[in-house]
**Student:** 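First the structure, which I've put down as structure tokens, then a few questions once you've had a look.
Atoms within a ligand are numbered from 1 in the order they appear, just like the ligands themselves.
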Amino acid sequence: MAAASDLPHAICVELARDAIADGPDSFDEAAACDRAVQYTRSLLAPVVNATGVLLHTNLGRAPLAFHHPPQALNVEFSLLTGERGSRQAAVGRLFASLCGAEAAMVVNNNAAAVLLVLASLAADRQVLVSRGESVEIGGGFRVPDVMEQSGARLVDVGTTNRTRLTDYSKALQRASADVALVLKVHPSNYRIEGFVEDTPVAQLATLGVPVVADIGSGLIDANCPWLSGPPPAWLAGEPAAKQTLAAGAALVTFSGDKLLGGPQAGIIAGRADLVAACAAHPLARALRPGGHVLFALQQLALSYLDRSAATSIPFWQMAATSVDELDVRAHRVVDAAGTGAVVASEAVPGAGSAPGTAIASVAVSLPGDHLAALRAAAPPIIGRTRDGATLLDMRTVHPSDDAHLAAVVAALPAR
Ligand SMILES: *Cc1c(COP(=O)(O)O)cnc(C)c1O
């Protein structure tokens, strides 16, 4: 059994013991090997994302190449002074430049960013939130629950479908000096249509209370200056950090691994005094990112600032590939595999970014459901099914995986 798997000896012994305990009289080598295979397949592994969901939360959202030599990193050491430095200083300054903010800092994820902002700036005080934005983003992030954990008191404003500036000003008059913040939450993963109205940040900023905008997706600039053409249509309506701050938000919070295209992280950017208050809160230590995440974010910020993001950030490479190019690649895969058809497909941004929008794409279609066999490939390929066919969407597949895709498709058992 140990010979049949690459698992450490100690794990093999554990699995053999389990097998014997389950059926002392019927222990057989094959069943034990089966356990080893299952164990191996339960481990984290690089996979080929052929789902057409660019930011697939179950597949780690934004793909990111990251190599770091086994070397120390001056995470908290200033090379200028030779003294202890701040782990937030370098990356914070870069993200401040990117967003047009006075200051910025990084935490573990965006949920942590919202929690830290509320705990630091609004504990035991009131925070106004529109009833239309008191949302669940998924995976346990619910605005009322985060609010409760932070010690801030949620004040519901307006109605589910419409909340106007006057709703906020009335709530403010009622609560008087006890209101610490207005929180605006982008309802990332759904869209209400019809008789709806929300209050833009520019209007909220006139209330005289700091406005915190949780924009979620981490689009840096609505104009996408890192792309060669105009912003893609599917981004329309997605709030961007730069424009939200320019409209008067005191702080924005967003994820590192959504439209930003980086590692899992949460960014807080805006007024220097508010960022400093967040950094000084005891929770900041518990929510801080490690050196590798900071380093990856630093490289990412530099590539946005020198406008090379479209070619150096895998997410933007996927998003910016032309349909013609995908079509050529899909035909190559079908030709090499000797099976399958090239069909038009629709990819989606995913991770709750730009909900309801689609990105034109191209897929390799195979009759029947081959998902399990594709998942068993090494590396595994994750596809989807539609109308009784298996679709492998080329937009989310890295071109270097095309040959593997073709080889696995060629070897699929007939259905
Ligand atoms: C995704 C999202 C979050 C949660 O961000 P994580 O980085 O996954 O913790 C919070 N708020 C909004 C608006 C989001 O879109």
**Student:** Is the number of heavy atoms from other residues, nucleotides or ligands within 6.0 Å of CZ (Arg131) greater than 12?
**Tutor:**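 Yes, because the 6.0 Å sphere around CZ of Arg131 holds more than 12 heavy atoms from other groups.
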
**Student:** Starting from the C-alpha separation in whole Å, work towards a yes-or-no answer on side chain to side chain contact (heavy atoms under 4.5 Å, CB included) for Leu59 and Val47.
**Tutor:** CA-CA 8 Å; Leu59 303 180; Val47 300; 4.0 Å; yes

**Student:** For a side chain to side chain contact (heavy atoms under 4.5 Å, CB included) check, start with the C-alpha distance between His186 and Glu238, then their side-chain angles and the critical distance, and finish with the verdict.
**Tutor:** CA-CA 9 Å; His186 181 55; Glu238 196 60 30; 3.7 Å; yes

**Student:** What does the N/O contact table under 3.5 Å look like for ligand 1?
**Tutor:**
from     : atom 1 : to     : atom 2 : distance (Å)
ligand 1 : 5 (O)  : Ser255 : OG     : 3.1
ligand 1 : 7 (O)  : Asn110 : N      : 2.9
ligand 1 : 7 (O)  : Ser255 : OG     : 2.7
ligand 1 : 8 (O)  : Arg61  : NH1    : 2.9
ligand 1 : 8 (O)  : Arg61  : NH2    : 3.0
ligand 1 : 9 (O)  : Asn110 : N      : 3.3
ligand 1 : 9 (O)  : Ala111 : N      : 2.9
ligand 1 : 11 (N) : Asn110 : ND2    : 3.3
ligand 1 : 11 (N) : Asp214 : OD1    : 3.3
ligand 1 : 11 (N) : Asp214 : OD2    : 2.6
ligand 1 : 15 (O) : Ser188 : OG     : 2.4
ligand 1 : 15 (O) : Lys258 : NZ     : 2.8

**Student:** Taking Gln243 for its side chain and Ala222 for its backbone only, find out whether a donor-acceptor pair lies under 3.5 Å.
**Tutor:**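 Answer holds: yes.
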
**Student:** Applying side-chain contact (heavy atoms from CB on, under 4.5 Å) between Gln264 and each of Asn110, Asn108, Leu64, report the one that passes.
**Tutor:**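 It is Asn108, the one option of Asn110, Asn108, Leu64 that forms the side-chain contact (heavy atoms from CB on, under 4.5 Å) with Gln264.
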
**Student:** Decide if atom CD of Glu136 counts as having more than 12 heavy atoms of other residues, nucleotides or ligands within a radius under 6.0 Å.
**Tutor:**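 Yes, the 6.0 Å shell around CD holds more than 12 heavy atoms from other groups.
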
